[in-house]
Amino acid sequence: MHGAIVMDYIKSRMAELGHAQYSLRLRHFVIPPSGQGYDYVPGQLMVLVEPVELVSIVSDAGFFDLSAAKSNELQYEHTGMVTISNYAGNQTAHVRFVQAIPK
Amino acid sequence: MSRKLLSTVLCSNVLVQKRGERVAFQILLPRDVVRITGIETGVRSRYCRPVVAYRREDTAGLLTLQASGTLGHCYSSYVKVDQNYQLQQDLGYQKYIAGFRYGNDLLANTVAMGAHREPDTLDIVAPRVLLGTYTDQWGDSMWRDMAYRLSIYLWVTINDEYNETSALCTEQ
């Protein structure tokens with residue numbers, strides 16, 4: 001997803017949720033081979049900036065995995081408990097999000 | 001004009017075909033729906049004959065619903081497939097008369113007929129779109145691709161004043 005689209009999306013989504021003021025953070029997760037990363041962001045938005053291969057992202061709001069053929073749709077927006085799993089055995093994964101935190 | 005509130009049920013179907021499949025879907029609610037008061041789910045197999053069971057399992061999958069314009073789920077629950085277990089007995093059929101030549105495990109695992117369940121309470125203001133996700137677990141537990149249809153029945157309250165106003169506009 002293009003960065004400008006992410007910013008436009010967050011702006012309209014936060015307005016929809018009733019948050020006129022919010023702060024943004026750029027999050028860059030580095031996940032070791034066969035490792036996992038976690039973050040707990042209740043009431044906040046985490047929007048995936050770009051698709052990442054060999055990585056599974058599961059959260060309260062959605063699921064993202066380019067390798068999984070069992071889902072008919074993938075979600076870029078995440079919230080709540082976000083779990084990032086890297087199932088590449090020999091490759092470190094870099095996963096970038098934009099996080100919106102209501103003030 | 002007095003506000004007339006009526007209750008009705010909306011049905012939406014989701015088709016599951018693969019083992020462990022995760023289906024994302026959207027339910028577009030009519031504009032006259034003002035509130036969702038309950039939810040009921042049912043599962044119906046797409047096979048013409050009963051499926052040979054690997055083992056007895058009554059959980060079909062996990063259904064989660066999210067109202068548009070909100071964050072987080074408004075409903076999250078496991079869908080059960082235990083309806084016809086009692087229905088066979090209600091009909092007074094023995095398994096041979098009913099045409100099933102396998103054991104009771106088979107009867108517990110097939111969804112040949114519908115049956116009634118009490119709706120879960122889901123008391124929320126109706127959104128324009130209900131975003132849903134269904135994750136199959138039945139196929140995983142049965143070790144096969146289970147093809148079935150998940151039916152979601154939404155018990156809703158509608159504001160009939162909206163329809164009366166629309167009818168007046170149409171007449172003019």
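Every chain is numbered from 1, with letters handed out A, B, ... down the list of sequences.
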Let me confirm one number: the [atom1]-[atom2] distance from [X] to [Y], rounded to the nearest 0.5 Å.
| X | Y | atom1 | atom2 | answer |
| --- | --- | --- | --- | --- |
| A:Lys70 | B:Asp136 | NZ | CG | 9.0 Å |
| A:Gln75 | B:Thr133 | CD | OG1 | 5.5 Å |
| A:Asn72 | B:Lys18 | CG | NZ | 8.5 Å |

Under a 4.5 Å side-chain heavy-atom rule over Ile, Leu, Val, Met, Phe, Trp and Tyr, are [X] and [Y] clustered together?
| X | Y | result |
| --- | --- | --- |
| A:Ile84 | A:Tyr87 | no |
| A:Ile10 | A:Ile101 | no |
| B:Leu10 | B:Val79 | yes |
| B:Leu154 | B:Leu6 | yes |
| A:Leu54 | A:Phe64 | no |

Open item on the list: Please classify the contact of A:Gln44 with chain B as side chain, backbone, both or neither, using a heavy-atom distance under 4.5 Å.
Closed with: backbone
Open item on the list: Which heavy atom of B:Ala24 sits nearest to which heavy atom of A:Glu73, and what is that distance?
Closed with: CB-CB, 3.7 Å
- [ ] Decide yes or no for A:Arg13 and B:Leu71: does some side-chain heavy atom of the first lie under 4.5 Å from some side-chain heavy atom of the second?
- [x] yes
Task: Interchain contact, B:Glu21 with chain A, by part (heavy-atom threshold 4.5 Å) - done: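 Both the backbone and the side chain of B:Glu21 come within 4.5 Å of chain A.
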